[in-house]
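Shown next, in structure tokens, is the structure this report addresses.
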Amino acid sequence: MRTGLTIIMMMFFASLALDLTIPAVILVGAVALDWASLQLKRRMMIEGRAA
């Protein structure tokens, strides 16, 4: 009985960790892309003024 409950709890926590990890990875990727595009725009503006 105890081992079955332990396995169910482990599976539940594993799925919970996945459910939390995947959106976190997507969010970090979106923020990184947004930051990279901002840096690129800033660099292009600076080069445009210099040229």
Side-chain angles (χ1 to χ4, degrees):
M1 178 66 192
R2 192 169 176 271
T3 52
L5 189 66
T6 312
I7 290 165
I8 289 166
M9 281 178 65
M10 281 173 64
M11 285 173 66
F12 172 74
F13 282 118
S15 64
L16 189 70
L18 271 175
D19 286 350
L20 291 173
T21 303
I22 291 165
V25 168
I26 291 167
L27 188 69
V28 168
V31 168
L33 273 173
D34 193 46
W35 181 82
S37 67
L38 274 172
Q39 294 295 106
L40 193 66
K41 282 180 191 172
R42 193 175 294 158
R43 193 174 296 149
M44 284 172 70
M45 282 176 64
I46 290 165
E47 285 177 3
R49 284 184 194 155

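The shown structure was predicted, so the numbers you read here are calculated from the model rather than taken from an experiment. Just so you know, these numbers use all the heavy atoms, side chains as well, and skip hydrogens, waters and symmetry mates.
Taking CG of D34 as the reference point, atom CD of Q39 lies at 10.5 Å (rounded to 0.5 Å). In this structure, CH2 in W35 is found 11.0 Å from CG in L40, a value given to the nearest 0.5 Å.
When D19, L20, V25, I26 are each tested for a side-chain contact (heavy atoms from CB on, under 4.5 Å) with I22, only one passes: I26.
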